[in-house]
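What follows is a set of notes on a single structure, which appears directly below.
Chain A is the first sequence line, chain B the second, and so forth, proteins listed ahead of strands; every chain is numbered from 1. Note that the structure is predicted; figures quoted are calculated from it, not measured.
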There are 2 protein chains.
Amino acid sequence: MTPSDGEPLPEDYSRRLGGAALGARLRRLSEAIDGDATRAYAALDVTFEQRWFGVLNQLSLNGPLTVGELAARLRITHVSVSQTRASLEKAGLAQTTADPDDARRRRLSLTPAGQGLVSRLRPLWQALEGAALELDAEAQAVTAALDRLEDALARRSLYQRVLDRLET
Amino acid sequence: MTPSDGEPLPEDYSRRLGGAALGARLRRLSEAIDGDATRAYAALDVTFEQRWFGVLNQLSLNGPLTVGELAARLRITHVSVSQTRASLEKAGLAQTTADPDDARRRRLSLTPAGQGLVSRLRPLWQALEGAALELDAEAQAVTAALDRLEDALARRSLYQRVLDRLET
DNA sequence: TCATAATCTGTAGGCACCTACATATATGTC
DNA sequence: GACATATATGTAGGTGCCTACAGATTATGA
């Protein structure tokens, strides 16, 4: 049984439980979305891992960047970038050159194959972008709402808010 | 380097890229949220896995339910419920009884230890709920926006929308 | 100048899901 | 009543992140 097969769906309890289930709801949505994106790549017969997108896109827009720079831009850990880098290198899509000023750093850049893949994917990325804008309009500014949520969390984390409540 | 340590943060590119990065944004947010929830359990010295919440909560509200029923209510796969069930049983928090009408089904119910844990966690769950409502107000109805996004995706999936765009 | 601290990247292992496939039981049809 | 099909659950293995820790290099200051 999958979550999307039944006839009349039972009540969606995760909608009622804003608190402890908010994370679960967001995860569910993110899985639905990049599951669909994955299917789109497959439909075009392109071998592609979702996690490649951020790095590939940044490198194609900005030229070489270090692991740390990519992590900061994409708001993920350097560890995740490092793993993606390894995967991209293994796939022959990106390469590493030593930074002449600092031997700790690795400058990542696209290989010709990487550039080729990016070009081939542009139409799909544009379709995804268009579909996302359409969804955003249809759902009346979800992304703006997400921005506000991120900002609110940056002001005071959920953890802090919960602790404050437990103390009183 | 972590994503939340630097001084002035560089531009957050994931906000610009609605399309291919929407899934990533949602995932990032969900990780922030249930990371914080995990820290809250740890602060109270409670051994707790995030994934237990949905099942535990449903069982405490509704009494025994089967794996499939839980999956439908929580909008996750039966596989995920099955794994959570195993984990809950191992932790002594839930138990399985055979369904007299259908030997394929497993009815899950809370053990006394499970009920005890739920009681002890109620205050925390309420604090989480309160914090989520506060966040929702501060971010001006994010959850309503998420509802609308889910509904829009249910009407026509991202996959379908992307394919339609690629065909024209 | 040289020990100490800070910074950059990497490895190991974990988490909460997922898909693909397998097994056991139930149902419908001839 | 036997057999194909549908349903309920489970196992194996994968995904894209994460934290904790470790190694290498650079910057700082006594």
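Gln83(A) comes within 4.0 angstrom of a nucleotide base, judged by non-hydrogen atoms across all strands. Counting any heavy atom pair closer than 4.0 Å across all strands shown, Thr38(A) reaches no nucleic acid atom. Ser30(B) comes within 4.0 angstrom of nothing in the nucleic acid, heavy atoms only.
Side chain of Val79(A), nearest nucleotide from dG10(D), dG16(D), dC18(D): dC18(D). In this structure, the nucleotide among dC18(D), dC17(C), dG10(C) sitting nearest to the side chain of Glu31(B) is dC18(D).
A heavy-atom distance below 4.0 Å to DNA chain D is reached by these residues of residues 96-109 of chain A, ordered by number: Asp102(A), Ala103(A), Arg104(A).
Distance CZ (Arg28(B)) to C1' (dA16(C)): 19 Å, rounded to an integer number of Å. One interatomic measurement links the two molecules: CG of Leu29(B) to C1' of dG16(D), which rounds to 15 Å at whole-angstrom precision. Between the CZ atom of Phe48(A) and the P atom of dG14(D) there is a distance of 20 Å, given to the nearest Å. Computed from coordinates, the Gln50(A) CD to dC17(C) C1' distance equals 15 Å when rounded to whole Å. With rounding to whole Å, Glu49(B) atom CD is found 15 Å from dG13(C) atom C1'. In this structure, Arg39(B) places its CZ atom 7 Å from P of dT19(D), rounding to the nearest Å. To the nearest angstrom, P of dG16(D) lies 16 Å from CG of Leu26(B). For the pair Arg51(B) CZ and dC18(C) P, the computed distance is 12 Å after rounding to whole Å.
Residue ring and base: His78(A) does not count as stacked with dC8(C) (centre distance below 5.5 Å and interplanar angle below 30° not both satisfied).
Rounded to the nearest 0.5 angstrom, Gln50(A) CD and Asp34(A) CG are separated by 4.5 Å.
We find that Arg107(B) and Asp102(B) are not joined by a salt bridge, their nearest charged nitrogen and carboxylate oxygen being 4.0 Å or further apart. Contact check on Asp36(A) versus Arg39(A) returns a salt bridge, with a Lys/Arg side-chain nitrogen under 4.0 Å from an Asp/Glu carboxylate oxygen. Between Arg156(A) and Glu138(B) no salt bridge is recorded (no basic side-chain N to carboxylate O distance below 4.0 Å). A salt bridge does not link Glu69(B) to Arg73(B): none of the charged nitrogens lies less than 4.0 Å from a carboxylate oxygen. Note on Glu150(B) versus Arg75(B): no salt bridge recorded, every NZ/NE/NH1/NH2 to OD/OE distance being 4.0 Å or above.
For Thr77(B), a side-chain nitrogen or oxygen approaches OP1 or OP2 of dC18(C) to under 4.0 Å. At the phosphate of dT15(D), neither OP1 nor OP2 sits under 4.0 Å from any side-chain N or O atom of Arg27(B). The side chain of Ser82(B) places an N or O atom within less than 4.0 Å of a non-bridging phosphate oxygen (OP1 or OP2) of dG10(D).
Comparing Val81(A) and Thr84(B) by the nucleotide of DNA chain C whose heavy atom lies nearest to each, the residue mapping closer to the 5' end is Val81(A). Each of Asp34(A) and Thr66(B) was assigned the nucleotide of DNA chain D with the nearest heavy atom; the assignment lying further toward the 5' end belongs to Thr66(B).
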Show me the donor-acceptor pairs within less than 3.5 Å that the side chains of residues 109-121 of chain A make with the rest of the protein, sequence neighbours left out.
residue, atom, partner, partner atom, Å
Thr111(A), OG1, Gly92(A), O, 2.6
Thr111(A), OG1, Leu93(A), O, 3.1
Thr111(A), OG1, Ala113(A), N, 3.4
Thr111(A), OG1, Gly114(A), N, 3.0
Ser119(A), OG, Gln115(A), O, 2.8

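With sequence neighbours left out, the salt bridge (charged side-chain N to carboxylate O under 4.0 Å, His left out) criterion links Glu49(A) to Arg51(A).
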